[in-house]
Number of protein chains: 2
Amino acid sequence: MREAKKQPGIAEVAAAAGVSVTTVSHVLSGRRPVSAATRALVETVIKELGYRPNPSARGLRTQRSESIALIVPDLTNPFYTLVAAGLQDVLMESGYLLSITDAAQPGRALPEVVRHVLARRVDGIVLASYGATDDDIASIAETGTKLVRLGSRFRADFGDVVRADDVGGMHDVVDHLLARGYRRIGLVNGEYDAQPSQMRLEGYTRALREAGRTADPDLIHFGTFSRAGGAAGARRLFDSAHPPDAIVGGNDLIAVGVMDAARERGLAIPRDVAITGYDDIEAASLVTPALTTVHNPAREIGRTCARMLLDRLAGKYDDVAREVVLAHRLVIRESS
Amino acid sequence: MREAKKQPGIAEVAAAAGVSVTTVSHVLSGRRPVSAATRALVETVIKELGYRPNPSARGLRTQRSESIALIVPDLTNPFYTLVAAGLQDVLMESGYLLSITDAAQPGRALPEVVRHVLARRVDGIVLASYGATDDDIASIAETGTKLVRLGSRFRADFGDVVRADDVGGMHDVVDHLLARGYRRIGLVNGEYDAQPSQMRLEGYTRALREAGRTADPDLIHFGTFSRAGGAAGARRLFDSAHPPDAIVGGNDLIAVGVMDAARERGLAIPRDVAITGYDDIEAASLVTPALTTVHNPAREIGRTCARMLLDRLAGKYDDVAREVVLAHRLVIRESS
DNA sequence: CACAGTGCGCAAATCGATTTGGCCGGTACT
DNA sequence: AGTACCGGCCAAATCGATTTGCGCACTGTG
């Protein structure tokens with residue numbers, strides 16, 4: 001452990017360059033013109049000394065932390081890691097710090113997490129957690145922290161929204177199954193009050209309706225967006241009076257759980273029962289048989305969130321909230 | 001978008017409580033005694049006003065940011081997300097902010113990432129990237145930023161190290177394969193200069209040696225810690241003069257790639273060839289056949305790193321660097 | 001009664017940047 | 001020639017907390 005060398009401050013730079021601290025600040029921020037000669041001089045001095053402005057001092061004065069927070073329901077869900085990577089793509093080159101928190105742990109529920117990041121005075125929040133209540137959103141809004149929500153229903157007073165076209169995606173899945181001749185199509189979904197669940201349900205029922213069929217409530221199950229949740233839901237469907245010949249999962253993790261359950265029952269996939277997922281996480285192509293699913297452009301979603309947040313922080317778009325809907329893509333593999 | 005309400009400062013709190021800002025600060029920090037009555041008064045006022053100290057102001061004065069950074073080679077590797085979750089477990093309750101960066105993107109290589117987090121004056125860094133050079137480490141050390149390295153070889157002047165017992169883990173895997181009667185055991189490993197690669201190689205060769213056999217260099221391959229890398233390495237081994245009857249992968253992702261390659265060749269697992277992984281990520285239990293692997297206590301590793309960093313920041317242990325080695329556990333499934 | 005000791009609170013300096021008002025010399029315009 | 005303007009720089013105020021030296025009032029002791 002070597003000893004810490006004291007980092008130079010703006011005053012040292014100014015002294016070494018023979019100018020005032022004001023001038024140094026101006027060449028850094030470009031808020032006022034500086035002659036080319038002076039600018040060059042200051043810049044070389046900065047480089048020589050390895051000067052980096054102290055973010056605390058800057059933040060104190062500007063009332064900005066140049067950091068944004070990502071709040072996800074579950075960090076181990078690969079979909080969200082990809083979103084995080086996409087955010088990082090954009091944020092790092094803008095010098096922003098990205099902090100990532102999941103609200104999946106006991107004692108680390110959403111209100112706590114929100115308090116935590118608000119206490120740190122982040123400039124913006126990307127909120128991907130369905131369980132968010134109006135109170136959660138309100139507590140963010142009243143601090144003036146910019147907010148972009150992921151995959152939620154748009155509300156003008158709740159900030160921007162970035163989401164994929166879940167309704168359309170699920171519609172495509174069901175269409176595909178119908179085209180393949182499956183007739184009793186069940187749905188094992190995630191949390192009932194989660195927005196993605198609702199939108200995927202909507203796509204499912206709409207596709208059935210447009211095909212002149214109607215959804216059988218016995219074949220619709222809500223649980224959690226997890227492998228265990230999928231297995232539990234599938235068992236219930238398999239045990240019903242008229243078991244399904246196809247099950248669409250609310251996401252890929254659920255679909256994997258459905259596969260577990262199908263195997264327990266000795267059902268062959270896709271002969272006895274077809275199974276589909278949603279998101280197209282890495283694991284979707286790993287399982288056997290490979291999972292038919294809908295590709296969700298997670299990384300692009302992350303990038304889009306970052307750009308919207310940066311635009312907002314730059315004062316663009318004034319106060320009109322926006323909604324961006326990204327395209328999906330059906331990926332047909334072996335499970336259907 | 002509601003309008004921002006101005007957050008109260010310490011001065012408002014002091015005024016409302018009828019005391020000086022000093023006193024408020026003292027009840028917050030406990031650095032000097034405050035009478036019980038005053039303390040109670042101040043605390044209720046703080047709660048009423050919803051006061052939160054401004055981290056920039058505090059950081060400016062204390063020269064601490066109360067934030068730490070995690071740098072991983074690849075955020076989409078589930079092992080690292082679990083480490084991140086473990087860090088978060090410990091850090092959040094201490095009020096620290098965790099920022100997570102991967103160094104996997106073009107234009108986002110390790111030196112850049114290190115510069116980025118150092119510019120943000122984080123208090124500590126958890127570095128999980130093998131590719132770290134001495135220069136990278138030195139640039140961290142000279143800023144006085146505390147460092148904990150993950151899975152690297154211990155060096156007293158490079159800060160603390162937390163790692164799993166990779167040598168022992170791989171030893172167990174090979175022992176297990178030998179016990180099952182496999183005789184030509186190949187190794188498809190990750191990056192040659194990565195520490196985990198080296199330690200896993202060591203466990204592999206040592207186990208063979210102790211069994212009175214010697215490692216055949218034709219059966220050892222270095223590539224990348226990824227699915228594609230695993231497939232490529234396995235193809236080479238399968239094409240060699242005396243192909244292996246078992247392949248141990250440097251990690252689970254590699255093992256999955258090896259499976260891909262085995263399937264291409266029409267080899268049955270584990271009859272024609274046994275395959276093992278390392279880390280025990282979620283996907284290891286998803287693939288068919290389920291993967292024999294070594295459970296790596298990722299979350300616990302993350303927690304341990306966080307505790308060590310916090311201890312260091314609290315000034316414990318002075319300057320003596322420590323190494324913590326965590327236990328592993330062989331998980332036998334269907335692929336061997 | 002005087003004096004040392006102690007618990008508690010205040011005023012002011014400080015951290016390192018940004019930002020604003022103003023000064024100075026030179027150019028353009030009338 | 002006089003006035004107005006402007007580019008380029010500086011000095012000083014400011015952001016919101018922490019920290020230090022000091023003073024006040026009260027207690028216990030010789």
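Since the structure is predicted, the reported quantities are computational estimates derived from the model, not experimental observations. When reading the values below, keep in mind they use all heavy atoms of this one structure, side chains included, and skip hydrogens, waters and symmetry mates.
Counting only heavy atoms from C-beta on, A:T23 has its side chain closest to D:dC10 among D:dC10, D:dG16, D:dC15. Which of D:dC9, C:dT19, C:dC15 sits closest to the side chain of A:T22 comes down to C:dT19. Closest to the A:H26 side chain, of the nucleotides C:dA17, C:dG16, C:dT19, is C:dT19. Out of C:dC10, D:dC10, C:dT18, the shortest distance to the side chain of A:V19 is found at D:dC10. When the nucleotides D:dT19, D:dC15, C:dT18 are ranked by their closest atom to the side chain of B:T62, D:dT19 comes out on top. Distances were taken from every side-chain heavy atom of A:S35 (C-beta onward) to each of D:dT20, C:dC15, D:dC9; the shortest belongs to D:dC9. Comparing C:dC8, D:dA12, C:dG16 by their nearest atom to the side chain of A:V21 picks out D:dA12.
Of the N and O atoms on the side chains of A:T38 and A:S35, at least one donor lies less than 3.5 Å from an acceptor on the other residue. Side chains of A:T76 and A:D74: a donor-acceptor N/O pair is present below 3.5 angstrom, by distance only.
Residue B:S25 places no side-chain N or O under 4.0 Å from the OP1 or OP2 atom of D:dT19. Within the structure, every side-chain polar atom (N or O) of A:Y51 is placed at least 4.0 Å from both OP1 and OP2 of C:dG16. The phosphate of C:dG16 has OP1 or OP2 within less than 4.0 Å of a side-chain N or O from B:Q63. Under 4.0 angstrom from either OP1 or OP2 of C:dT14 there lies no side-chain N or O belonging to B:R61.
Using a 4.0 Å cut-off between charged side-chain N and carboxylate O, B:K146 and B:D160 make no salt bridge.
With contacts defined as side-chain heavy-atom distances shorter than 4.5 Å, the pair B:Q195/B:V161 does not qualify. Residues A:L98 and A:L70 have side chains in contact (heavy-atom distance under 4.5 Å, counting atoms from C-beta outward).
Comparing B:I10 and A:R32 along DNA chain D, the residue whose closest nucleotide (by nearest heavy atom) sits nearer the 5' end is A:R32. A residue-by-residue look at B:S20 and A:N54 shows that B:S20 has its nearest nucleotide of DNA chain C further toward the 5' end.
Within the nucleic acid shown, A:S56 has no heavy atom closer than 4.0 Å to any nucleic acid atom.
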